[in-house]
Amino acid sequence: MTLTLANLLAFSAELWVLGAALVVLGLALVRKNGARLAANLVALGGLAGAGGTLITQLRSSIDILSGSYLVDGYAIFFKALFLGAAALTLLISFSDAEQLEPHAGEFPGFVLLATLGAMLMASVADLITVFVALELLSLNLYVLAALVKRDSASAEAGIKYIVLGLAGSAVLLYGLAILYGLTGETALSAVGHALATRGATDPGLLLALALVVGGLGFKLGVIPFHWWVPDVYEGAPLPVVAFISGAATAAGFALFLRVMLLTFGSTQVAWPALLAILAAVTMTLGNLAALRQTGVKRLLGYASIAQAGYVLTAAVGLQEGGLSASLFFLLASIFTNLAAFAAIIAYTRIIGSDRINDLAGMWRRTPALTLVMVLAFASLVGIPPTVGFFARVFVFIAAMAGGFAWLALVGMLNSVLSAIYFLRVIKVACFDAPAFELEAPPIDAAMRLALGVTAVAVVVLGAFLTPLLSATTYSAGPLLR
Amino acid sequence: MTPPLFLEAIPQPSLVPSAPTPSEPSLPMVLLSAIVWVPAIVAVVLLLFPSRTDAQKDRIRTGALGATATVLALVLVLWFGFREQFQQFAYEEKRDWIRGFGASYHLGVDGISLPFVLLSGILFFVAVLASWRVRDRVKEYFVLLLVVETGVNGVFASLDYLLFFIFWEIGLIPMFFLIGLWGGPRRLYAAWKFLLFTISASAVMLLAIVIMYLRAPQRTFDMVTLHDVQFPAAVATLVFWLFFITFAVWIGAVPLHTWLPDAHVEAPTPVSVILAGAVLKLGGYGLYRVNVGQFASILHTVSTVILVIALISVFWGALAALAQDDMKRMVAYSSVTSMGFVVLAVAATAQLALDGGLLMMFAHGLIIALLFLLVEAIADRTGTRSIRALSGLAVRMPRTAILFSLAALAAFGLPGLASFMAQFMIFVGAYPVHRTGTSIAVLGVLLLTGVLLWTIQRVFFGSTPDALQRVKDVGTVELTYSSMLLFVVVLLGVLPGMLMDGINSGVLSLLVRGGT
């Protein structure tokens with residue numbers, strides 16, 4: 001196997017991101033006023049270039065390095081999502097320079113490298129590249145989470161994240177090793193073929209399934225592997241959390257769904273039932289925990305755990321449009337989460353607190369910001385006409401079509417639960433009298449752009465469901481063949 | 001038995017569907033969309049205006065009044081242009097929405113939904129007038145109220161289950177805030193209770209819709225298409241009950257009614273008007289459109305169960321009303337009784353009874369609105385809603401006394417008023433189907449009559465205590481909208497045909513389509 005030009009071309013989107021990342025990290029050494037702006041512009045330019053390259057690959061299906069790296073509709077769908085999420089993250093973080101010092105210059109570089117990891121995760125199809133891609137994303141996230149070292153909460157979040165994340169990686173690695181041991185293959189589809197002959201109660205197969213689901217479950221924040229989520233959400237810099245909740249989780253699912261389908265998809269093992277149980281537990285416990293939170297960040301952390309449960313819910317009905325529903329849900333949640341975080345970040349910058357009770361008076365001070373937050377929360381609950389509602393309907397339909405009606409019912413009841421705690425926050429933010437007087441400073445242009453884009457997406461995507469659904473159906477195609 | 005003479009005046013549309021006229025250029029095709037969306041659009045525009053000074057607040061109020069007045073005008077145009085239809089919908093609009101998923105933007109009205117749209121148009125206009133004195137967070141209040149109107153009108157106009165559900169949900173959260181923020185002393189408790197009941201009901205309804213969607217031969221949410229689908233008996237029974245539970249929560253059928261008195265009492269009065277007059281009717285409309293319209297065969301097999309629920313609601317509501325000291329709570333419980341009669345009509349699934357049930361909901365919407373508004377007027381003047389604390393008000397508040405008495409007479413069905421016609425039709429129609437049940441239900445009317453007359457006697461007659469010697473009567477604005485509501489009630493009592501022609505054809509289509 002040689003490295004040919006065709007091989008490199010398949011990587012062209014990733015190369016844009018990598019190149020931009022290297023330039024940005026170089027620029028971080030320059031301690032001048034304009035350097036940070038330049039670094040961010042370079043980063044955005046790199047993302048745009050990668051996006052342009054994706055358009056040229058749109059209808060292609062490239063398979064390089066002996067099938068260990070695929071550029072198919074599925075990968076391109078996710079890569080486009082990651083690029084968008086990364087760009088929005090940069091916009092959101094732009095005026096956090098002071099908070100991120102002395103590493104504000106490196107921040108866009110690490111975001112780009114994490115994005116690169118996420119993009120690889122969408123494409124990998126081999127036991128070894130799976131692990132490499134996952135670690136590239138994870139390591140950069142560890143760095144980002146602990147970026148503000150003088151803040152003890154950030155440092156603590158970073159430590160927790162890295163320790164638990166490494167434990168997850170180790171578990172996953174055991175699972176991948178067992179898969180290799182069982183089959184002698186490293187390509188996911190070859191592993192799947194070799195496993196197809198094994199019985200439903202084959203102990204080796206079951207152990208591998210448990211370890212792979214457990215290891216990836218750490219990354220996805222699925223209960224019972226979720227311990228790091230609330231602490232990281234609370235302690236890490238908020239733009240990083242926004243990136244984790246949107247892009248990194250979606251990347252985890254991109255990898256998870258491909259691995260599950262290609263390796264376990266054709267086996268006799270009742271993996272949909274396993275996912276269904278995980279989904280039900282994750283949704284319910286995540287929402288119950290969120291009910292008791294007093295801080296918005298932790299609340300969003302538990303809410304995002306519950307959201308992971310919804311994606312799993314869709315995944316159990318894979319053959320019945322479930323994969324397409326998962327993709328749509330991830331698309332919706334990226335925009336929704338970024339909208340929610342953008343609003344929360346902009347407001348906590350003003351008041352310097354994330355306690356729910358301190359949100360009182362938000363509507364009087366910053367009505368536009370409050371409106372974005374309300375829309376995002378409505379979408380997180382699944383209240384029409386926001387995009388989150390449609391995402392949930394598709395998920396429920398997929399689960400029921402897949403024969404998991406009880407799971408759809410659990411999902412619906414969970415929407416009720418989530419309505420309770422989100423409405424509580426909305427009520428405080430919109431209607432309670434503020435405890436102290438404060439003149440709200442204007443919001444910077446980059447943040448306003450991010451707020452506008454995400455809020456419009458949350459409302460308007462529901463009106464363009466026909467093209468969006470055909471996009472997710474097309475993207476789900478390569479995995480279902 | 002033959003229907004009495006005056007009912008024969010109602011034209012019976014022929015059972016043969018008239019050939020659909022090739023083009024109906026006279027019907028403007030965005031009329032329904034306008035009725036649905038104008039309030040929401042105005043709400044978004046109002047959001048952009050400040051509301052700090054009194055002049056700015058007045059501008060917000062005027063904007064909201066303008067929106068509801070426009071909708072009322074459009075609804076009247078809709079009503080005048082409506083011709084009785086058989087098995088088809090007027091003002092139909094159908095646009096692509098989610099192709100390949102089977103959801104479309106499909107609106108239309110028939111004889112079933114027309115009275116509801118009319119009712120909602122009237123009540124929201126009155127509610128905005130009655131909200132003039134809201135001083136706190138004026139902009140937010142009217143914006144939320146207008147969003148509720150879009151939701152309510154949308155439910156009545158939708159012919160696509162997904163769209164139906166979306167509109168259903170749109171009204172729910174604003175309603176929660178309207179109760180929870182502008183309500184009475186126990187408003188938070190009432191608002192959360194309202195939300196828990198209704199949002200759980202919505203989850204149940206979504207489940208029913210998804211089951212239906214997955215079990216239909218083609219993937220579609222279209223109501224008209226799905227109404228022709230014959231589901232296996234087990235599926236149909238399940239979906240029937242899921243829908244019934246949802247709608248029973250909304251109309252406050254016992255035992256799912258406990259949110260209703262709390263929400264109605266704690267909500268600010270204009271919101272109580274909307275809640276009892278329009279939002280409650282969503283459940284009634286759903287029973288007709290879905291349970292009768294699509295699952296009439298199931299309805300026949302479980303008719304007795306529904307009848308029992310109806311009877312319990314009738315008596316529970318009336319007896320609970322009897323025990324109340326708070327006038328607003330008394331009125332709220334009386335509405336459980338009235339809705340019980342509607343459930344009785346559904347249990348009978350007979351043409352005449354169903355006609356009566358629809359007329360009942362229309363009349364009840366107006367009457368209950370009037371009663372709530374008058375109770376508020378009394379509470380505003382005297383500072384109390386306690387029946388025991390009030391006495392001899394007729395001396396100081398003669399207009400209120402007359403209006404309240406007329407409304408109460410209408411509520412228990414004095415001949416000549418709309419609700420009398422309605423009750424009469426329900427009982428005559430239901431009697432052949434459920435002889436014993438109907439006979440018992442008639443006693444409920446007596447009980448309700450007793451409750452209301454006793455209340456009038458205690459509140460308006462007797463000696464006027466010193467504390468009440470200085471109260472003032474209702475003002476011109478209140479008199480205007482109260483008279484307007486009363487006028488419609490009397491008009492329909494005298495000329496029921498104005499509404500009944502449409503209702504009749506709608507119910508007939510429903511029954512024919514449901515395979516009865």
Exercise. Which bit of B:I173 comes within less than 4.5 Å of chain A, counting heavy atoms only: side chain, backbone, both or neither?
Worked result: side chain

For this session: Below 4.5 Å from any heavy atom of chain B, which atoms of A:L468 appear? Answer side chain, backbone, both or neither.
Result: neither

For this session: May I have the step-by-step check of side chain to side chain contact (heavy atoms under 4.5 Å, CB included) for A:R364 and B:R137, ending in yes or no?
Result: CA-CA 10 Å; A:R364 298 233 165 134; B:R137 290 174 289 223; 3.7 Å; yes

Exercise. Does A:M412 reach the side chain of B:M205, with side-chain heavy atoms less than 4.5 Å apart?
Worked result: no

For this session: Before giving the answer on side chain to side chain contact (heavy atoms under 4.5 Å, CB included), spell out for B:I98 and A:L469 the whole-Å C-alpha distance, their side-chain angles and the decisive distance to 0.1 Å.
Result: CA-CA 8 Å; B:I98 322 179; A:L469 274 186; 3.5 Å; yes

For this session: Could you look at B:F167 and say if it's the side chain, the backbone, both or neither that has a heavy atom under 4.5 Å from chain A?
Result: neither

Exercise. For B:I166 and A:P384, which heavy atoms make the closest approach, and how far apart are they?
Worked result: CG2-CB, 3.4 Å

Exercise. Are B:E140 and A:W363 close enough that some pair of their side-chain heavy atoms sits under 4.5 Å apart?
Worked result: yes

Exercise. Considering only heavy atoms, which portion of B:L163 lies under 4.5 Å from any heavy atom of chain A: side chain, backbone, both, or neither?
Worked result: neither

Exercise. Has B:R215 got more than 12 heavy atoms of other residues, nucleotides or ligands less than 6.0 Å from its CZ?
Worked result: no

Problem set entry | chain A contact via B:I211 - side chain, backbone, both or neither, heavy atoms under 4.5 Å | both

For this session: May I ask you to test the A:R392-B:L206 pair for a side-chain heavy-atom distance under 4.5 Å?
Result: no

Exercise. Which word best sums up how the rings of B:F101 and A:F394 line up, parallel for under 30°, tilted for 30 to 60°, or perpendicular for over 60°?
Worked result: perpendicular

Problem set entry | Interface moiety of B:F176 toward chain A, non-hydrogen atoms closer than 4.5 Å | side chain

For this session: Measure from the ring center of B:W97 to the ring center of A:F390 and say whether it is less than 6.0 Å.
Result: yes

Exercise. With a 4.5 angstrom heavy-atom cut-off, which part of B:W192 approaches chain A: side chain, backbone, both or neither?
Worked result: side chain

Exercise. Measuring heavy-atom distances to chain B, does A:V381 have an atom under 4.5 Å in its side chain, in its backbone, in both, or in neither?
Worked result: neither

Problem set entry | Residue B:L207 versus chain A: region with a heavy atom under 4.5 Å | both

Exercise. Got B:L162 and A:F389 here, is their nearest side-chain heavy-atom distance under 4.5 Å?
Worked result: yes

Problem set entry | Atom CZ of B:R95: over 12 foreign heavy atoms under 6.0 Å | yes

For this session: Check whether any side-chain heavy atom of B:F177 lies under 4.5 Å from a side-chain heavy atom of A:L423, and answer yes or no.
Result: yes

For this session: Identify the two heavy atoms, one from A:A401 and one from B:L214, that lie closest to each other, and give their separation to 0.1 Å.
Result: N-CD1, 3.6 Å

Exercise. Which bit of A:F464 is near chain B, if near means a heavy-atom gap under 4.5 Å: side chain, backbone, both or neither?
Worked result: neither

Exercise. Nearest heavy-atom pair of B:L196 and A:I420: which atoms, and what distance?
Worked result: CD2-CD1, 3.6 Å

